[in-house]
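Below is one structure, written out as structure tokens; comments come after it.
Quantities reported herein were computed from a predicted structural model and do not represent experimental measurements.
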Amino acid sequence: MVQNRNKLIELFISNISNAIVHEILELAVINELVADKYRKEFITSLEVAKKYREKINPVNKPLPRKDLEYIRAKIINRVRAELAIRISKGYKNIDLSHIETLTDNALKDADIS
């Protein structure tokens with residue numbers, strides 16, 4: 001059971017990180033057509049992350065504090081790494097200062113914190 005739980009947590013982290021990356025990219029682009037594609041990817045990834053959250057433990061029961069801290073730190077690190085890659089590829093207007101705020105908002109949306 002622990003292996004499945006750890007895998008579910010990793011899948012949750014991956015999907016919610018992807019959602020946050022796309023939300024930041026949506027804020028960075030000027031072209032509305034491209035922003036719409038980022039918005040759709042954000043919504044899809046967040047919905048998948050919520051499904052994994054429901055499988056980790058019952059939604060009405062909070063996760064242990066240790067898990068919360070681990071999940072938040074891992075998400076922030078993944079988002080920073082992905083955005084650094086995107087910046088090195090030439091993406092413009094990416095504001096890294098939004099990462100922690102958007103992470104906290106996404107965790108609230110997924111009933112984590």
Heavy-atom pair with the smallest gap, counting every atom of [X] and [Y]:
{"X": "Phe12", "Y": "Ala49", "value": "CD1-O, 3.0 Å"}
{"X": "Ser17", "Y": "Ile75", "value": "OG-CA, 3.6 Å"}
{"X": "Lys50", "Y": "Ala110", "value": "CG-CA, 4.1 Å"}
{"X": "Arg5", "Y": "Pro64", "value": "NH2-CD, 3.9 Å"}
{"X": "Asp95", "Y": "Ile24", "value": "O-CG2, 4.1 Å"}
{"X": "Leu96", "Y": "Arg80", "value": "O-NH1, 4.2 Å"}

Can you tell me how far the [atom1] atom of [X] sits from the [atom2] atom of [Y], to the nearest 0.5 Å?
{"X": "Ile76", "Y": "Leu102", "atom1": "CD1", "atom2": "CG", "answer": "10.5 Å"}
{"X": "Leu8", "Y": "Arg53", "atom1": "CG", "atom2": "CZ", "answer": "11.0 Å"}
{"X": "Asp36", "Y": "Glu26", "atom1": "CG", "atom2": "CD", "answer": "8.5 Å"}
{"X": "Asn31", "Y": "Tyr38", "atom1": "CG", "atom2": "OH", "answer": "10.0 Å"}
{"X": "Ile56", "Y": "Ile9", "atom1": "CD1", "atom2": "CD1", "answer": "5.0 Å"}
{"X": "Asn93", "Y": "Ile30", "atom1": "CG", "atom2": "CD1", "answer": "5.5 Å"}

Any chance OH of Tyr52 has more than 12 other-residue heavy atoms, nucleotides or ligands included, within less than 6.0 Å?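 Atom OH in Tyr52 is not packed in, count stays at 12 or less.
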
Using a strict 4.0 Å threshold on nitrogen-to-oxygen distance, state whether [X] and [Y] make a salt bridge.
{"X": "Glu32", "Y": "Arg39", "value": "yes"}
{"X": "Arg72", "Y": "Glu100", "value": "yes"}
{"X": "Asp67", "Y": "Lys74", "value": "no"}
{"X": "Arg86", "Y": "Glu82", "value": "yes"}
{"X": "Lys40", "Y": "Glu47", "value": "no"}

(request) Flag yes if Ile99 and Ile85 sit in one hydrophobic cluster, no otherwise; membership is Ile, Leu, Val, Met, Phe, Trp, Tyr, and two members link when side-chain heavy atoms are under 4.5 Å apart. (result)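 In one cluster with Ile99: Ile85, no.
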
For this session: Check whether Val79 and Leu68 end up in the same hydrophobic cluster, where Ile, Leu, Val, Met, Phe, Trp and Tyr are linked by side-chain heavy atoms less than 4.5 Å apart.
Result: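 Per the 4.5 Å side-chain linkage, Val79 and Leu68 are co-clustered.
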
* To do: Any chance you could lay out the side chain to side chain contact (heavy atoms under 4.5 Å, CB included) test for Ile16 and Thr103, step after step, and finish with the verdict?
  => CA-CA 8 Å; Ile16 204 157; Thr103 298; over 6 Å; no

query: Residues two or more places apart in sequence or in another chain: which of them pass salt bridge (Lys or Arg N to Asp or Glu O under 4.0 Å) with Asp109?
result: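 Result, salt bridge (Lys or Arg N to Asp or Glu O under 4.0 Å) vs Asp109: none returned.
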
request  = Decide side chain to side chain contact (heavy atoms under 4.5 Å, CB included) for Ile13 and Glu10; before the verdict, give the C-alpha distance in whole Å, the side-chain angles of both, and the deciding distance to 0.1 Å.
outcome  = CA-CA 5 Å; Ile13 290 170; Glu10 288 303 316; 4.2 Å; yes

Could you verify whether a donor N or O on one side chain and an acceptor N or O on the other, from Ser45 and Glu41, lie under 3.5 Å apart?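 Per modelled atom types, Ser45 and Glu41 side chains form a pair under 3.5 Å.
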
- Item | Asn18 side chain to Ser14 backbone, donor-acceptor under 3.5 Å |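 No; zero donor-acceptor contacts below 3.5 Å.
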
